[in-house]
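Each chain gets a letter, A, B and so on, in the order the sequences are listed, and its residues count up from 1.
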Protein chains: 2
Amino acid sequence: MDKKGTKQRILDEALSLFAVHGYDGVTVAQIADAVNIKTPSLYKHYGSKRDIFDAILTEMESRYKQQAGSLQMDGADPEKDTGVLLNSSREQLIDMGTKLFLYFLHDDVAQKFRRMLTIEQYKNPTASELYVEQYIDSPLLYQSSIFQYFMEQNIMLNLDAKTAAMHFYAPMFLMLCLCDSCPEREAEALSFIRLHISQFSDIYLVEGEGEEV
Amino acid sequence: MDKKGTKQRILDEALSLFAVHGYDGVTVAQIADAVNIKTPSLYKHYGSKRDIFDAILTEMESRYKQQAGSLQMDGADPEKDTGVLLNSSREQLIDMGTKLFLYFLHDDVAQKFRRMLTIEQYKNPTASELYVEQYIDSPLLYQSSIFQYFMEQNIMLNLDAKTAAMHFYAPMFLMLCLCDSCPEREAEALSFIRLHISQFSDIYLVEGEGEEV
DNA sequence: GTCTATAAGAAGATAGAC
DNA sequence: GTCTATCTTCTTATAGAC
């Protein structure tokens, strides 16, 4: 049951606490409590409270880079990702967007980390960098590459791809902020997301697009 | 120079500090320092640290409700506001959006308050309510009403108004989050906003719209 | 209303036994 | 690696002089 190792459990529980109360709002004793050890024991695993925070940043950053290539955006190889969508239509765009949104929303660790970065960004330059990269720049770059490709393939109207990416992603970001603040409004947010992607498709997709290529 | 009154200056300086470090990251002594008084003097004006925080919430909430009717969205009387835009065209939509964005971004107190709410929202129900209302629900409702009206007047394509509102507002919100985290990227954000509104107009505005009504 | 002095408790961190 | 005990400093808040 506790086979995860105390050192990792400290990071997990600390993240859970930081994600709500922020770094300054959490005491070392609270973290230790959550792990079911006493405060001094915790110092056998990490040299200081700040070390725990830094370890979370480091762990989450490498986790992000790992998964960037899979489900997620990294702006590295958009054409590979678009391949999956090549024989796609409006329905699949809706599916892609919804899945992206739900991943962002429901991955427990990802959500906690996003909340923590949200809280810490203004006082911590590293948190700010990670926040902007992971939740703004990368998604826009990724979507932009996909849409650029769609436009070249005449699947989408030939407009500015980065702006289209913003039109596609920004509403998801907004609804994500809503859900992070009001989890009870998730159903409502999801329904807006579906409406959004549907209307986005109506607007941006070339009529009669099909299975070309 | 200090004719603002110590009581108000305490609120101002406290907000400046809370907006970066959060409630738990600021000490009463830091607030007192910023006001150039000693800690015990501060307690002659407010009974506790929490009282200062609550006073900020109360003050900003009433300030918000005041100005809601003027430049800003409140969802109360959209038709009155749209009146200003009635003889408007694409250029004026760009102007309206840019001004809205710049107001949000450059009002010093508004920005600090937004940052503070961003930090405090996950642990403080009141902060969460204010955050969601002021930066998500109200803007969407307001824009939605305007666009509903535009659609009825055949100025805009007859699509879902609330989704259109999301397409219009969400990119502003996203760029606002970017600027709050990275103020040095403001010029970039503003240029995206202009591109966004321009492309939004291309998409949503009925061609040859004019001065009807 | 502002100050000096100080109380009372919390918080980060260490010592050393087991 | 975990514990009890403890140290030191920080933090909120109060007492009381001016």
Expressed in angstrom and rounded to an integer, what is the separation of [X] atom [atom1] from [N] atom [atom2]?
X: B/Lys7; N: C/dT2; atom1: NZ; atom2: P; value: 12 Å
X: B/Tyr46; N: D/dT12; atom1: OH; atom2: C1'; value: 18 Å
X: B/Ile37; N: C/dT4; atom1: CD1; atom2: P; value: 12 Å
X: B/Ile31; N: D/dT12; atom1: CD1; atom2: C1'; value: 11 Å
X: A/Asp33; N: D/dC3; atom1: CG; atom2: C1'; value: 14 Å
X: A/Leu42; N: D/dT2; atom1: CG; atom2: P; value: 9 Å

Practice prompt. Using a strict 4.0 Å threshold on nitrogen-to-oxygen distance, state whether A/Asp24 and A/Lys123 make a salt bridge.
Written response: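 Yes, A/Asp24 and A/Lys123 are salt-bridged.
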With sugar-phosphate taken as primed atoms, P, OP1 and OP2 and all else as base, the protein-contact string of nucleotides 7-18 of chain C at under 4.0 Å (heavy atoms; B, S, -) is ----SSBBB---
**Prompt:** Under 4.0 Å between a side-chain N/O of B/Ser41 and OP1 or OP2 of C/dC3, yes or no?
**Reply:**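 Yes.
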For this session: Using the test salt bridge (charged side-chain N to carboxylate O under 4.0 Å, His left out), find all partners of B/Asp33 that sit at least two apart in sequence or belong to another chain.
Result: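 Scan of B/Asp33 (salt bridge (charged side-chain N to carboxylate O under 4.0 Å, His left out), adjacent residues dropped) gives none.
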Which residues share a ring pair (Phe, Tyr, Trp, His ring centres under 6.0 Å) with B/Tyr23, sequence neighbours left out: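 For B/Tyr23, the residues satisfying ring pair (Phe, Tyr, Trp, His ring centres under 6.0 Å) (neighbours in sequence not counted) are B/Phe18, B/Phe53.
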>> For B/Phe101, give me all partners under ring pair (Phe, Tyr, Trp, His ring centres under 6.0 Å), at least two apart in sequence or on another chain.
In response: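 Partners of B/Phe101 by the ring pair (Phe, Tyr, Trp, His ring centres under 6.0 Å) criterion come out as none, since no residue qualifies.
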- Message: For residues 43-60 of chain B, which residue pairs pass the salt bridge (Lys or Arg N to Asp or Glu O under 4.0 Å) check, not counting sequence neighbours?
- Response: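 Matches after skipping sequence neighbours: none remain.
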Q: Return the set of residues passing side chain to side chain contact (heavy atoms under 4.5 Å, CB included) with A/Asp160 (not counting sequence neighbours), or none when no residue passes.
A: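 Partners of A/Asp160 under the side chain to side chain contact (heavy atoms under 4.5 Å, CB included) test: A/Lys162, A/Thr163, B/Leu195, B/Gln199.
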